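Okay, so here's the structure we're looking at.
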Amino acid sequence: MRIVSGIQPTGNLHLGNYLGAIRNWVRMQDEMEDGQQALFFLADLHAISQPHTPADLHKGTLEMAAALVACGIDPKRSILFNQAQVPQHAELQWLLNGTARMGWLNRMTQWKDKAGKNREGQSVALFAYPVLQAADVLLYQATHVPVGEDQKQHLELARDIAQKFNNDFASEDTPVFTLPEPIVPPEAARIMSLRNGAAKMSKSDPSDMSRINLADDPDEVMKKIKKAKTDPEPLPSEAAGLKDRAEALNLVTIYAALTDRSVEDVLREHGGTGFGAFKPALGELLVETLRPISQRFTELLEDREALDAILAQGAAKAREIAVPTLDAAYRALGLVRG
Ligand code: TYM
C-alpha cells in the first residue's frame, strides 16, 4: 500500500479541504502498517497554471506545509514535500504527454470550469494540468489516493494514462505503472460554499464568507456560520426532507462529518430544530475542532527553519522513491540516457 495525495498551496486551507481530504490523509497515515508508505505534497507546480503572484506562492507553500502538520501529518511517519523540489514530477509529466490524448483532457470538468468561454486565453499548463497530476501519483506507484469528489475525474484520467502507457510500452507481466485507486470519504466528499449550496467551498471564491478557513479565529467562525445562507424551515427528521435544500444539507453534512456520524443520524437528533438553534451548535463544534489546529499552525509558522527542513528532508526521500519508476519510463520509451 502506498498512499499519495496533494493540495495546491494557493490560499488558505479550508474546511472543504480538511473534511474532504486532509482528515483522511491523517487517518490513513495513522493506520499505516510496517512496509506501507504515505507521501503528501504541496502542488506548487500546479499552482503556476493560473495567474499568480510569486511572493504569495512562496509564502503559501510554507503556510500550507505548516497547516498540514497542524492537522496531524507527521513528517516522521509521512513524506511531506513540495513538487518543485522533486524535478521527477515535471520530467514524468513530459513523458506522459506522449500518451495523454487531447480529447481526454478536453473532457475534464475542471478545465471546462476554469477556462470557461476563454479557452484560447488559458495557459498550456492549465490544459495539461491533469497530466502532471497523473505523474504525481504514477511516479510513486501509488495504490491509494485520498481526495474529495472533485478530483475523482482527474484520477480516472491518471488510470487511463497508466493503462495506455503500460499497453503501448510495457510487457503484460512487467507494467511500468500501478493503477491508483481514489479514496473519497462517504460523508463530506463535497463541502459546499456557505453562501451558495450549488457551488463547492473553494479557495478561489472571492467571498471569504463562503468558506471556513482553518486559521479563522472563533469569532470569525461563529460569524460565518450564523450568516451562512439557509432557509426558514426547521430541520427535517429524515434525509429525504433535505432534497432541494442544498444549503441546509450542507450544514448538516458538516455537522455529521465533524461528529463522525451519518446525516440520517444527525437528523434523528436535530429534526424539528430551527437554524436559530442549530447554527450556534454547529459553530461551537467547529470552534472546538479548529482550536488546537490553529494553535499549532501559529506556532509552526514561527519556526521557518524547521519548516524548510521538513520539506527538504521529505523531498530527498521522495526523489529516492521516484527515480526507479522514472528510469523505467525512459527505458520503456526507448530514450537513450548514456
Ligand atoms: P485542491 O488543492 O483543490 O484540494 C485539495 C483536496 O481537497 C479536496 N477538496 C474538497 N473536498 C470536499 N469539499 C470541497 N469543497 C473541497 N475542496 C477541495 C480536493 O478534492 C483535494 O483532495 N489537483 C488537486 C491537487 C493535486 C492532487 C495531485 C491531488 C495535484 N496533484 C495528485 C491528488 C493526487 C487540487 O487542486 O486539489
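Not measured: the values here are computed from a predicted model. Atoms within each ligand, like the ligands themselves, are counted from 1 in listed order.
In terms of N/O distances under 3.5 Å, ligand 1 is approached by Tyr129. Residue Gln83 places no N or O, backbone or side chain, under 3.5 Å from any N or O of ligand 1. Among the atoms of Asn17, some N or O lies under 3.5 angstrom from an N or O of ligand 1. In terms of polar-atom proximity, defined here as any N/O pair under 3.5 Å, Gly16 does make such a contact with ligand 1. Note: no N/O pair closer than 3.5 Å links Val147 and ligand 1 by distance alone. In terms of N/O distances under 3.5 Å, ligand 1 is not approached by Glu149.
Arg2 forms no cation-pi arrangement with Tyr140, by the criterion of a distance under 6.0 Å to the ring centre and an angle within 45° of the ring axis.
Ligand 1 places these atoms under 4.0 Å from at least one heavy atom of Ala189: 11 (N), 12 (C), 13 (N). Counting atoms of ligand 1 from 1 in the listed order, those under 4.0 Å from a heavy atom of Gln8 are 2 (O), 36 (O). Taking a cut-off of under 4.0 Å to the non-hydrogen atoms of Ala43, the atoms of ligand 1 that pass are 30 (C). Here is the list of ligand 1 atoms found below 4.0 Å of a heavy atom in His46: 30 (C), 31 (N). Residue Phe41 has at least one heavy-atom neighbour below 4.0 Å for each of these atoms of ligand 1: 28 (C), 31 (N), 32 (C). Atoms of ligand 1 lying under 4.0 Å from any heavy atom of Met201, numbered from 1 in the order shown and given with element: 14 (C), 15 (N), 17 (N). In summary, the atoms of ligand 1 found under 4.0 Å from a heavy atom of Gly20, numbered by their order in the structure, are 11 (N), 12 (C).
Heavy atoms of His14 approach ligand 1 to within less than 4.0 angstrom. Assignment of Ser202 to the shell around ligand 1 is not supported, since no heavy atom sits closer than 4.0 Å. Within the 4.0 Å heavy-atom cutoff, Lys203 counts among the residues contacting ligand 1.
Every pair passing salt bridge (charged side-chain N to carboxylate O under 4.0 Å, His left out) that includes a residue from residues 188-202 is listed here, sequence neighbours excluded: Asp150-Lys200.
Within 6.0 Å of NE2 in His58 there are 12 or fewer heavy atoms belonging to other residues, nucleotides or ligands. Around atom CD of Glu238, no more than 12 heavy atoms belonging to other residues, nucleotides or ligands sit under 6.0 Å away. Within 6.0 Å of NZ on Lys112 lie more than 12 heavy atoms contributed by other residues, nucleotides or ligands. Open room surrounds CD on Glu320; 12 or fewer heavy atoms of other groups in view lie less than 6.0 Å from it.
In terms of protein heavy-atom proximity, atom 25 (C) of ligand 1 is closest to Gly6 O, 3.6 Å. Closest protein heavy atom to atom 19 (C) of ligand 1: Asp150 OD1, 3.3 Å. Among all non-hydrogen protein atoms, the one lying nearest atom 28 (C) of ligand 1 is Gln133 CG, 3.4 Å. The nearest heavy-atom contact from the protein to atom 22 (O) of ligand 1 is Gly148 N, 3.1 Å. Nearest to atom 31 (N) of ligand 1 among the protein's heavy atoms is Asp136 OD2, 2.6 Å. Closest to atom 6 (C) of ligand 1, if we only count protein heavy atoms, is Ala21 CB, 3.7 Å.
For Val137, every heavy-atom contact with ligand 1 shorter than 4.0 Å involves the side chain, none the backbone. With a 4.0 Å cut-off on non-hydrogen atoms, Arg190 touches ligand 1 through its backbone and not its side chain. With a heavy-atom cut-off of 4.0 Å, Ile191 touches ligand 1 through backbone and side chain alike. In Val145, the part holding a heavy atom less than 4.0 Å from any atom of ligand 1 is the side chain.
Looking at Gln85 and Asn82, their side chains do bring a donor and an acceptor atom within 3.5 Å of each other. Side-chain contact annotation: Glu181 with His144, donor-acceptor N/O pair under 3.5 Å absent. Side-chain contact of Asn17 with Arg23: a donor-acceptor pair under 3.5 Å is absent, judged by distance alone. For Glu187 and Thr253, the side-chain atoms include no donor-acceptor pair closer than 3.5 Å. Counted by atom type alone, Glu247 and Thr230 present zero donor-acceptor pairs between their side chains at under 3.5 Å. One side chain, Asp136 or Gln83, offers a donor N or O that lies under 3.5 Å from an acceptor on the other. With no hydrogens or angles considered, a side-chain donor-acceptor pair links Asn213 and Asp208 at under 3.5 Å.
Taking the six-membered ring wherever Trp is involved, the centroid distance between the rings of Phe40 and Phe81 does not fall below 6.0 Å.
The residues Arg211 and Asp216 are annotated as not salt-bridged, no charged nitrogen and carboxylate oxygen being separated by less than 4.0 angstrom.
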Candidate pair Tyr129 and Trp111, rule ring pair (Phe, Tyr, Trp, His ring centres under 6.0 Å), full reasoning: CA-CA 9 Å; Tyr129 179 116; Trp111 158 249; over 10 Å; no
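Of all the listed residues (Met192, Gln151, His89), Gln151 holds the heavy atom that lies closest to atom 21 (C) of ligand 1.
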